[in-house]
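Take a look at the structure below.
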Amino acid sequence: MSEPNLDAVAVPPYIQEKRACIAAFMDAMDSESAHRPRDASMDVSQQVAYRQLAGIVDVTLSGLSPDLRGTFDLACLQEESYRDVAEIQAIPIGTVRSRVNRVRTLLRSRLKQGFADYAT
């Protein structure tokens, strides 16, 4: 019996969103500790922190206005160019940049608040 090709399995959009948001946060953090890879060797406190991270990202993104969420989704999660997002949403490219920056700033702030205990 041949093994299934896991590369051909479609990843649900909500999982892609979480992965992209976590990656964006990890890139944005100044601390070296934020760049640890997630693997089976994590201790319990690290696993809890990752679950907390996913929860904060979920709550933050679900609380966005439809305009902010749509722009962030297209630009950051679906990796469309800012120019394409502007055309799709019929808004100026400066508005796209502003919305994406606003969401990234909000995510960064909420994640830093949620992980203040881990910053030591």
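Worth saying up front: this structure is predicted, and the values here are computed from it rather than measured.
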Heavy-atom pair with the smallest gap, counting every atom of Gln89 and Asp67:
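Where Gln89 meets Asp67 most closely, the heavy atoms are NE2-O, 4.3 Å.
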
Closest contact, heavy atoms only, Ala86 versus Pro92
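Closest approach of Ala86 to Pro92: CB-C, 4.1 Å.
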
Identified side chain to side chain contact (heavy atoms under 4.5 Å, CB included) partner of Leu68 from the options Leu106, Leu61, Val103, Val100
Val103

N/O donor-acceptor pairs under 3.5 Å from side chains in residues 74-81, not counting sequence neighbours:
| residue | atom | partner | partner atom | Å |
| --- | --- | --- | --- | --- |
| Gln78 | NE2 | Asp73 | OD2 | 2.6 |
| Ser81 | OG | Asp84 | N | 3.0 |
| Ser81 | OG | Asp84 | OD2 | 3.2 |

Just to verify, what does Ser62 make a side chain to side chain contact (heavy atoms under 4.5 Å, CB included) with, not counting sequence neighbours?
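Once residues adjacent in sequence are excluded, Ser62 has no partner under the side chain to side chain contact (heavy atoms under 4.5 Å, CB included) criterion.
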
Ser109: partners by side chain to side chain contact (heavy atoms under 4.5 Å, CB included), with sequence neighbours left out
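Counting only residues at least two positions away or on another chain, Ser109 forms a side chain to side chain contact (heavy atoms under 4.5 Å, CB included) with Gln113.
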
Do Val59 and Val57 belong together in a cluster built from hydrophobic side chains that touch within less than 4.5 Å?
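The answer is no; the residues belong to distinct hydrophobic clusters.
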
To the nearest 0.5 Å, what is the distance between CZ (Phe72) and OG1 (Thr60)?
10.0 Å

Not counting sequence neighbours, list each pair that qualifies as a side-chain hydrogen bond (donor to acceptor under 3.5 Å, both in side chains) and has a residue in residues 90-100.
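Every side-chain hydrogen bond (donor to acceptor under 3.5 Å, both in side chains) pair that includes a residue of residues 90-100, provided the two are not neighbours, is Thr71-Arg99, Ser98-Arg102.
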
Please assess Leu107 against Ile56 for the test side chain to side chain contact (heavy atoms under 4.5 Å, CB included), listing each intermediate value before the final yes or no.
CA-CA 8 Å; Leu107 275 171; Ile56 292 169; 5.9 Å; no

